[in-house]
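This structure is a prediction, so every number in the text was calculated from the model and none was measured.
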Amino acid sequence: MADRFDVIEAGGRRRRRWIGVAVVAALLVVPAVSLLLSRDPGPPPPVPAATSRPVGTPAADEIPNTVHPRAVRKGADEVIEVVFPDGRRAEVRYPAELALAGLGVRPFQGVWVDGQYRPLSAPQSVAAEVSKGGRPLRTLTPNVTLWPPPPSGVSKGDVLLFRFGPWRVALSDQPVALTFEQRLAAAEGLRGTVTEDGYLVLSARGAVRLARPGETVAGLSVGPQLWFGGGAGPMVVLTQAPHCRAAHAAPSAILSRTQPSGAVCRDGVQIAVSGTEEFRGKALDGIRITLK
């Protein structure tokens, strides 16, 4: 079985660097992967009120891949502390009826591997969206495994699954596959640490580069983001965007959903929302963010 996969990877060693392919990759990867990773995986297991860390053991692929921050009530609002995947902290204040803390928070981060863009997201359920109860094609490093394309067919590329403490983050390798050497460089060059309050902070070295705040691909923001909710319910995406303007497109995680959406720019952050008209109105009008 191992020989078969080695043959597949050997065929991918030819480096494809012409400009046309790079443009197509940028246009296709972002919405396809965001659709995969924000779809409904079923209700997550309940999170104990006594902890703000992701629940589950590090070895389990059934963990709810989110953090539920502790909310402090202030009048008609709730206030939570969040950490973007680049390590920047922020205070988020919102109308209490939105219950953002209860939706759970996941990181998103654009990544370049040897000059090729790939989105890195945290699936709500690894078992439902990546592993499907099967086995990986191979182990690249002690904390990174390679998986075949999900049976859903939404993503046609293999998936590099990273394990950072209790978090699992997936880098989908499509539409033009990385070579084996590039996959290994991604596995070795991307690093993650977990804060005391349960958030994942990423860093990179070597052939890997993380998207900076405000950076875009095909007009879509790919810098540090936090995703609240998703699946069949409402979704809120906070994106660091220092030069955000009203005309800027919402992130692909929002645009790929079937529910109506909207976005506003406020204090260097884009707030993008998908959900019912009432939820969208309250979120877009009421969410306030203070970057620290």
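Minimum interatomic distance between Gln270 and Pro251 (heavy atoms only, all atoms of both residues): OE1-CD, 3.2 Å. The two residues Leu255 and Leu220 have their closest heavy-atom pair at CD1-CD2, 3.7 Å. The minimum heavy-atom distance linking Met235 with Ile254 is given by the pair O-CD1, 3.9 Å. When all heavy atoms of Ala211 and Gly223 are compared, the closest pair comes out as CB-CA, 4.0 Å. A pairwise comparison of heavy atoms in Tyr94 and Ile80 identifies OH-CG2, 3.8 Å as the closest pair. Heavy atoms only, all atoms of each residue included: Pro136 and Thr145 are closest at CB-CB, 3.9 Å.
Applying the salt bridge (Lys or Arg N to Asp or Glu O under 4.0 Å) rule to Glu277 yields no partners; only residues at least two apart in sequence or on another chain are considered. Scored by the salt bridge (Lys or Arg N to Asp or Glu O under 4.0 Å) test, Glu215 finds Arg209, Arg212 as partners (sequence neighbours excluded). With sequence neighbours excluded, the residues forming a side-chain hydrogen bond (donor to acceptor under 3.5 Å, both in side chains) with Gln240 are Asp86, listed by chain and number.
One hydrophobic cluster, built from ILVMFWY side chains closer than 4.5 Å, holds both Leu284 and Ile289. The same ILVMFWY cluster, assembled from side-chain heavy atoms under 4.5 Å apart, contains both Val82 and Val264. Val72 and Val83 are assigned to two separate hydrophobic clusters, defined by single-linkage of ILVMFWY side chains at heavy-atom distances under 4.5 Å. Hydrophobic clustering (side-chain heavy atoms under 4.5 Å, transitive across Ile, Leu, Val, Met, Phe, Trp, Tyr) groups Val113 together with Leu137.
For the atom pair OG1 of Thr141 and CG of Leu184, the computed distance is 7.5 Å after rounding to the nearest 0.5 Å. In this structure, the separation between CG on Asp173 and CG on Leu178 is 4.0 Å, given to the nearest 0.5 Å. Atoms CD and CG, on Glu278 and Leu98 in that order, are 9.0 Å from each other to the nearest 0.5 Å. Separation of atoms CD1 (Ile271) and OG1 (Thr239) is listed at 10.0 Å; rounding is to 0.5 Å. Note that CG of Leu226 is 10.5 Å distant from CG of Leu200, once rounded to the nearest 0.5 Å. For the atom pair Gln259 CD and Phe279 CZ, the distance stands at 9.5 Å (nearest 0.5 Å).
Checked by atom type and distance alone, the side chain of Arg288 pairs as donor or acceptor with a backbone atom of Asp285 at under 3.5 Å. In this structure a side-chain-to-backbone donor-acceptor pair under 3.5 Å is present from Arg106 to Ala122. Counting only distance, with no hydrogens or angles, the side chain of Gln182 and the backbone of Ala207 share no donor-acceptor pair below 3.5 Å.
A salt bridge between Glu78 and Arg93 is absent, with no side-chain N of the basic residue lying under 4.0 Å from a carboxylate O of the acidic one. Salt bridge annotation for Arg183-Asp158: present, with a cationic side-chain nitrogen under 4.0 angstrom from a carboxylate oxygen.
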- [ ] Begin with the C-alpha distance, continue with both residues' side-chain angles, and end with the deciding distance and a verdict on side chain to side chain donor-acceptor pair (under 3.5 Å) for Arg191 and Ser203.
- [x] CA-CA 5 Å; Arg191 296 185 172 185; Ser203 60; 5.9 Å; no
Task: Criterion side-chain contact (heavy atoms from CB on, under 4.5 Å) on Trp112 and Val222, from CA distance to verdict - done: CA-CA 11 Å; Trp112 274 266; Val222 297; 4.0 Å; yes
TODO: Just do the side-chain contact (heavy atoms from CB on, under 4.5 Å) check on Leu100 and Leu103 with the steps written out, would you?
DONE: CA-CA 5 Å; Leu100 294 189; Leu103 294 178; 3.9 Å; yes
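A heavy-atom distance below 4.5 Å is found between the side chains of Leu160 and Leu140. Between Trp167 and Val194, the closest side-chain pair of non-hydrogen atoms falls below 4.5 Å. With a 4.5 Å cut-off on side-chain heavy atoms, His68 and Thr66 count as touching. Within the 4.5 Å cutoff, the side chain of Val208 has heavy atoms near those of the Val111 side chain. The side-chain heavy atoms of Leu202 and Leu120, taken from C-beta on, include a pair separated by under 4.5 Å.
Partner of Glu81 under the side-chain hydrogen bond (donor to acceptor under 3.5 Å, both in side chains) criterion, chosen from Lys292, Arg70, Arg89: Lys292.
The 12-atom threshold is exceeded at CZ of Arg266, counting heavy atoms of other residues, nucleotides or ligands nearer than 6.0 Å.
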